[in-house]
**Student:** 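Questions regarding the structure given below will be posed in turn.
First listed ligand is number 1; within each ligand, the first listed atom is number 1.
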Amino acid sequence: MPTIEGATETYLKLREKLQDVVPDFELRHKAQLAFEINLLKAERGAVILGHNYMEPALFHSVPDFTGDSLELSRKAANTHADPIVFCGVQFMAETAKILNPNKTVLIPSPNAGCSLAASITAEDVRQLRKQFPGVPVVTYINTYADVKAESDICCTSGNAAAVIESLHADTVIFLPDEYLAKNVAKETGKHIIFPVGDPLSVKRLSQELDCTLVGWRGKCEVHEKFSVEDIRRIREQFPDVVVLAHPECSPEVVEAADFSGSTSAMIRYVEKTHAPRYLLLTECSMGDNIAAENPEKEMLRLCSVRCPHMNQITLEDTLSSLRYDRYQVEVPEGIRVRARRALERMLEISGSSSSSNPRIASSY
Ligand code: SF4
């Protein structure tokens with residue numbers, strides 16, 4: 001049974017980080033849960049991976065590793081622990097299973113989906129391949145295993161440009177995020193078309209088969225909501241604010257921001273720069289997590305926009321997950337083997353690459 005002393009230590013550790021972010025009575029409750037999870041984790045030889053969007057008390061207490069999709073994929077590829085508990089959404093836990101077929105991979109909630117992953121099917125990819133024979137397919141890691149299995153290589157927001165450039169192909173199919181595709185097209189000097197429902201762009205493509213990204217109209221239901229008007233209003237109120245936008249935001253928002261990069265690139269940016277305040281255009285919990293690590297810096301965030309999928313993952317469900325081995329992630333072997341190939345290609349080329357847009361990286 002957990003001891004009071006152990007739970008108290010967990011509480012004190014959390015309070016040191018989160019006293020300005022989470023009310024005290026809630027911290028005490030969450031510290032007890034975190035302590036029980038950590039005890040059970042040690043007993044079972046488990047590892048917990050936590051995405052940067054996890055709520056602050058969970059993020060700062062139970063994961064052995066935290067990070068963005070790419071970093072957690074690397075950890076999943078290298079871990080010897082079993083079971084792996086993935087505090088993130090379904091496609092991330094699937095990625096861990098694809099890389100660790102003989103281990104038990106658990107996700108605390110079966111309802112942690114993703115609007116981007118749900119925007120495209122394996123059949124959609126097969127149709128695009130028929131439409132553009134011989135054109136390589138890059139799929140964002142925010143897709144389900146059967147979609148990854150139809151692709152040549154995966155990417156994350158942190159390495160999308162490097163992955164595209166590694167293919168040395170004039171034309172690339174890039175799926176499924178419309179805004180990430182537009183932002184990456186700009187970064188790699190390609191123009192972009194969206195062939196489904198737009199026969200004109202296909203006609204144009206047959207005339208100019210050079211430097212083209214073939215996109216899809218999937219969107220992140222969180223990042224699509226941020227607008228240039230949001231940035232204008234915040235700058236009006238806080239003229240010294242530095243604005244960071246995730247590349248799943250629209251190109252207009254990315255253009256109006258001071259920096260764009262993956263969640264981990266944003267964290268590094270805040271750590272390395274010295275602005276008085278930052279606006280984070282990404283899931284709100286990450287603002288809390290960065291604020292806890294950088295108490296001297298003010299984090300503005302627009303928390304009316306939350307990811308309903310990431311928020312499914314709670315300390316309560318993480319404890320139940322470890323206690324009852326639920327919910328186990330399975331990927332059919334025929335799909336897993338092909339999806340793994342696409343993931344491993346990405347991991348091979350992404351060792352040192354990360355694409356972010358440090359427009360003012362040297363300003364602070
Ligand atoms: S934040 Fe967007 S991309 Fe990430 S899990 Fe939520 S819906 Fe999917």
**Student:** Among protein heavy atoms, which lies nearest atom 6 (Fe) of ligand 1, and at what distance?
**Tutor:** Cys307 SG, 2.4 Å

**Student:** Short list, please: which atoms of ligand 1 are under 4.0 Å from a heavy atom of Val222?
**Tutor:** 1 (S)

**Student:** Which residue and non-hydrogen atom of the protein lie closest to atom 8 (Fe) of ligand 1, and at what distance in Å?
**Tutor:** Cys114 SG, 2.4 Å

**Student:** Would you say the side-chain atoms of Ser227 and Glu229 include a donor-acceptor pair closer than 3.5 Å?
**Tutor:** no

**Student:** Between Arg306 and Ser285, is any side-chain donor less than 3.5 angstrom from a side-chain acceptor?
**Tutor:** yes

**Student:** What residue and atom, counting heavy atoms only, is the protein's closest point to atom 2 (Fe) of ligand 1, and at what distance?
**Tutor:** Cys220 SG, 2.3 Å

**Student:** Looking just at side-chain N and O atoms, do Thr121 and Tyr144 make a donor-acceptor pair shorter than 3.5 Å?
**Tutor:** no

**Student:** Just to be sure I read this right, does ligand 1 sit under 4.0 Å from the backbone of Glu283, its side chain, both, or neither, counting only heavy atoms?
**Tutor:** neither

**Student:** Give a yes-or-no answer on whether the side chains of Gln32 and Glu36 include a donor-acceptor pair shorter than 3.5 Å.
**Tutor:** yes

**Student:** Can you tell me which residue and heavy atom of the protein come closest to atom 4 (Fe) of ligand 1, and the distance to 0.1 Å?
**Tutor:** Tyr53 CE1, 4.1 Å

**Student:** Is Lys219 close enough and on-axis enough to Tyr179, meaning under 6.0 Å and within 45°, for cation-pi?
**Tutor:** yes

**Student:** Between the candidates Leu180, Thr282, Asn142, which shows the shortest non-hydrogen contact distance to atom 3 (S) of ligand 1?
**Tutor:** Asn142

**Student:** Just jot down the ligand 1 atoms closer than 4.0 angstrom to any heavy atom of Glu248, in number order.
**Tutor:** 3 (S)

**Student:** Examine the side chains of Ser69 and Tyr140 and answer whether a donor and an acceptor come within less than 3.5 Å of each other.
**Tutor:** no

